[in-house]
Student: 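The structure follows.
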Amino acid sequence: MYSKKVMDHFMNPRNVGEIENADGVGEVGNIRCGDIMRISIRVHDDVIDDIKFKTFGCGSAVASSSIATEMIKGKTIEEALKLTNKDVLDELGGLPTIKVHCSVLAEQALKAAVLDYANKHGKHYKELEGFSPDEDHPHDEHELEA
Amino acid sequence: MYSKKVMDHFMNPRNVGEIENADGVGEVGNIRCGDIMRISIRVHDDVIDDIKFKTFGCGSAVASSSIATEMIKGKTIEEALKLTNKDVLDELGGLPTIKVHCSVLAEQALKAAVLDYANKHGKHYKELEGFSPDEDHPHDEHELEA
Amino acid sequence: MKPIYMDYSATTPIKPEVLQVMEEALREVYGNPSSVYELGQTSKRRVEEAREQLASLLGAKSREVFFTSSGTEADNWAVHIAKKTKPGKHMITCTIEHHAILHTMEAAEKEGYEVTYLPVDKYGFIDLEELESAIREDTILISIMYVNNEIGTIMPVEEIGAIAKKHGVLFHTDGVQALGNVPLDMSKSNIDMMSMSAHKIYGPKGVGALYIRQGTRVVPLLQGGAQERRMRAGTENVPGIMAFGEAARLSKLHLKEHVERLTKLRERLKKGLMQIPESFFNGHPEKRHPGNVNICFKYIEGESMLLLLDAIGVSASSGSACTSGSLDPSHVLMGIGLPHEIAHGSLRLTLGDFTTEEDVDYVIEHLPEIINRLREMSPLTPRE
Amino acid sequence: MKPIYMDYSATTPIKPEVLQVMEEALREVYGNPSSVYELGQTSKRRVEEAREQLASLLGAKSREVFFTSSGTEADNWAVHIAKKTKPGKHMITCTIEHHAILHTMEAAEKEGYEVTYLPVDKYGFIDLEELESAIREDTILISIMYVNNEIGTIMPVEEIGAIAKKHGVLFHTDGVQALGNVPLDMSKSNIDMMSMSAHKIYGPKGVGALYIRQGTRVVPLLQGGAQERRMRAGTENVPGIMAFGEAARLSKLHLKEHVERLTKLRERLKKGLMQIPESFFNGHPEKRHPGNVNICFKYIEGESMLLLLDAIGVSASSGSACTSGSLDPSHVLMGIGLPHEIAHGSLRLTLGDFTTEEDVDYVIEHLPEIINRLREMSPLTPRE
Ligand SMILES: Cc1ncc(COP(=O)(O)O)c(C=O)c1O
Ligand SMILES: Cc1ncc(COP(=O)(O)O)c(C=O)c1O
């Protein structure tokens, strides 16, 4: 089902936990769908110098959070906001179609954490315009054209 | 599919052929259904002292004709007219349900031969009242109650 | 690492005796049962012997057993029979049926049928009074499963059948999980039709059967050749059917012992796992599949649990095998009233004839670490 | 007495390579492909490999191949897809289709569909102009078989498909007898859907497939679990599917040689048997299944011939395997215009990869005695 890379991040997730007195915390997902991700960041001179995650979810949710935090750690906020779910997918070596939304969740959890940081610190990032962490995201479609 | 007895009569049919100048000949069945039986008899003092058959048809049609001729040979006409398809079936040790009509055909071929004999010789048998060798006989039904 | 298979309700390995029958058949019994020659007639006889073996496990007549390709096909067929032979547009089922019934019912709704989905209580039981009052003039079918595949609950099918009979309504039960796990005697039963599947009783995949009580009107779902007394077309899967027959024979032989042994193992496993804090046992404590343990662990998600279990050699399931590929929480766990956050954390361990006490103890020993690890990673776990 | 199997169109023995794949799978690949753990995922991968193997024989994409339980199910499903995805109430087929299509069409008629059964000429070909003028505004499906199972005629399916395409009508072909006997390249074809069956290409019984061209709307016939991309429910027959894959692989590997070898044997057999007086060769001389010889012998009936052939070790058929259990003359032979008395005397000998020249010569040597014997017993044979 999952690639070696996904399984590695699931079995040995990087950056699990919660930052005490984090500069920004974002939580996305919803319990109906069975995935919740919380990312906390510490920001120093516009650089995300620490990032941790907690995830309730399937293997690919855990792996997506893990790899996203690894990709972001040490990056500037500007750089971090460029991260898309596509980058997460690529870095993981792909996910099964029905699990692609997990990578979306990782992107969004990060954005939610940055938004929280921005709100708390009076910053504004144009990449976050229109972003709302509470939006629901459609799951896989069930119709088929062969 | 067939019992040993049926196969024996099919593989080694008794009384195959046609009696020259027979006293009575009956032919029943129709080509649509794929069975035609012709039975010819020689009658002497009300006794069927010779009987032969020719059959176009499946294994059970041949076996039914064969065993019927064997059962009848040497019997009086009265006795012969008592032969039912049930007797043929019993003697054969049964036939598959969809083949039961073959035994009916054997009964009828015999009756048709006797009728021919009766007509030609001015005889009357009350067992033959209402008998018509050209009637069509229903095959197996295809509806099912489990 | 010894592999420990605990997903017998998803599918079973094939028993050696069954395998032998099947392998011999694959090599030698290759004639088409519709053929006139001996090779074909041998196949036909073998199919009929298998039918007798399955009928004997059921306490039914051979002519009441029709082979299909799966439990799913049997379920679809049963609904089709009701639709085509009964006048009326209403059917009754319950919310925790297998998808083979639920999705078939939904397809019927699109065609204009009305379907009542009876709710179930926390054990998974329907309310018999509610059932009776749901019956209408135009009700053509009641379909309630015998044993639930996720939570293992054994439904009161005889009582349900009695109500159906009283009102002259056809009663079908999905018996896929019941066969081989519950003593059956169709000769004394109120069941009109029952679905079965070989691969749940140590037989091969791709063979099932529908029991249809004598006197019930039957129409085919699959149209074509004259197989199965013209009621189920398609060249018979002779080796599969023979293997199903052998599996049924073995099941009949060992049923009592099988149930007793599994029940003991199940209770041992349950006791061990219920030591884990914030765990919830699902289904009825006694009226359940002898090998089924279904527990929800709070704050964690099922698939992660399965992956970590797999990593230590344990094959298990979260919800049904069919649902665990999806993201939705199991409709069965939702049906018995669990909230989402608990339903997502379900683990189904189903034991079978090759399960040992050591297997059970291994899981009891190692599951707590897995639960802890996932709870530590979960944003839902309350902080101390 | 060496058994001589000459009924490959009814079903084939399994090839040793296929058997090996299947036996290994039955022992080891028992996981449910829907399961998360490795054992299940292995099964899933094996199913996908088999899909690729079959797709490769077809010149199709893997995603265009859906496994079923039989050719019959594939036929039923194709008609169902047309009914459920296309607006309109008219379908076109021909009089000499397999019952899996004919009876499905008849069932559709009962539901209110109108069906045009195109007649065929003496070879079994439909008239393409007649086909085109039968197409109506509300025609939803044209279903014309690829290779006839009784008389072996290969239909001009690409021309038929072109006409269907021109009018925007879905085109299905029953390819059960074509698979492995005719070179196929779906990537360049006008076929929208094609039915197949494993047990006709040295694979096991109980597995089939439906090819569905990408872009075609699909709905399931069997409702239930999410298998086959939600389009065909029921736990996958993993060993059967793997064996089908292997059979497809072998078929692709040997197709050219298979066709050439069988064609030679067929011509030898035909030449030998046509020496018998009052014999009529059925079907087209060249555009036919490489292993199919179908001859009618006047004045005699098919089943008797089969029984006498069986007695000398030869397995053969009279009409299709499905019809030979019945009493009706084959609808195919009637369809090509034979009168009853000739149609009843048909013999179908179908050769395959285990048939030898000696087998063929044995039949050529012994059939005349059998024909003579039956003709002597027949009341229809003209007296000298
Ligand atoms: C042309 C044709 N279509 C359909 C079928 C049905 O295939 P199956 O027996 O796999 O259902 C057959 C064989 O019996 C056939 O020859
Ligand atoms: C209760 C129940 N019904 C139906 C089915 C479907 O059976 P099959 O996979 O043989 O189609 C299953 C198993 O998957 C089941 O557990």
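In what follows, chains are A, B, ... by sequence order, proteins preceding strands, each numbered from 1.
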Student: Checking L102(D) against chain C: side chain, backbone, both or neither under 4.5 Å from a heavy atom?
Tutor: neither

Student: Could you check if a side-chain atom of D7(C) sits within less than 4.5 angstrom of a side-chain atom of S35(D), using non-hydrogen atoms only?
Tutor: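 When only atoms from C-beta onward are counted, S35(D) and D7(C) do touch, with a gap below 4.5 Å.
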
Student: Considering only heavy atoms, which portion of K110(C) lies under 4.5 Å from any heavy atom of chain D: side chain, backbone, both, or neither?
Tutor: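 Answer is neither: K110(C) stays 4.5 Å or more from chain D.
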
Student: With the threshold set at 4.0 Å, does a side-chain nitrogen-carboxylate oxygen contact exist between R232(C) and E73(D)?
Tutor: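 Not counted as a salt bridge, because no side-chain N and carboxylate O are separated by less than 4.0 Å.
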
Student: When you measure from the side chain of K205(C) to the backbone of Y30(D), do you find a donor-acceptor pair of N or O atoms at a distance under 3.5 Å?
Tutor: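 Yes, the answer is positive, given that a donor and an acceptor are paired below the 3.5 Å cut-off.
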
Student: Against chain C, label E111(D) side chain, backbone, both or neither, depending on which of its atoms sit under 4.5 Å from a heavy atom there.
Tutor: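 Only the side chain of E111(D) comes within 4.5 Å of chain C.
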
Student: Which one wins on heavy-atom pair count under 4.5 Å against chain C: G206(D), G71(D), P204(D)?
Tutor: G206(D)

Student: State, yes or no, whether a side-chain contact exists between M22(C) and M22(D) at a heavy-atom distance under 4.5 Å.
Tutor: yes

Student: Heavy-atom distances under 4.5 Å only: say whether A316(D) touches chain C with side chain, backbone, both or neither.
Tutor: backbone

Student: Which region of E236(C), side chain (C-beta onward) or backbone (N, CA, C, O), has a non-hydrogen atom less than 4.5 Å from a non-hydrogen atom of chain D, or is it both or neither?
Tutor: backbone

Student: Examine distances only and state if a side-chain atom of N76(C) and a backbone atom of L222(D) form a donor-acceptor pair shorter than 3.5 Å.
Tutor: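 Absent.
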
Student: In terms of heavy-atom proximity below 4.5 Å to chain C, should I241(D) be classed as side chain, backbone, both, or neither?
Tutor: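 For I241(D), neither part sits under 4.5 Å from chain C.
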
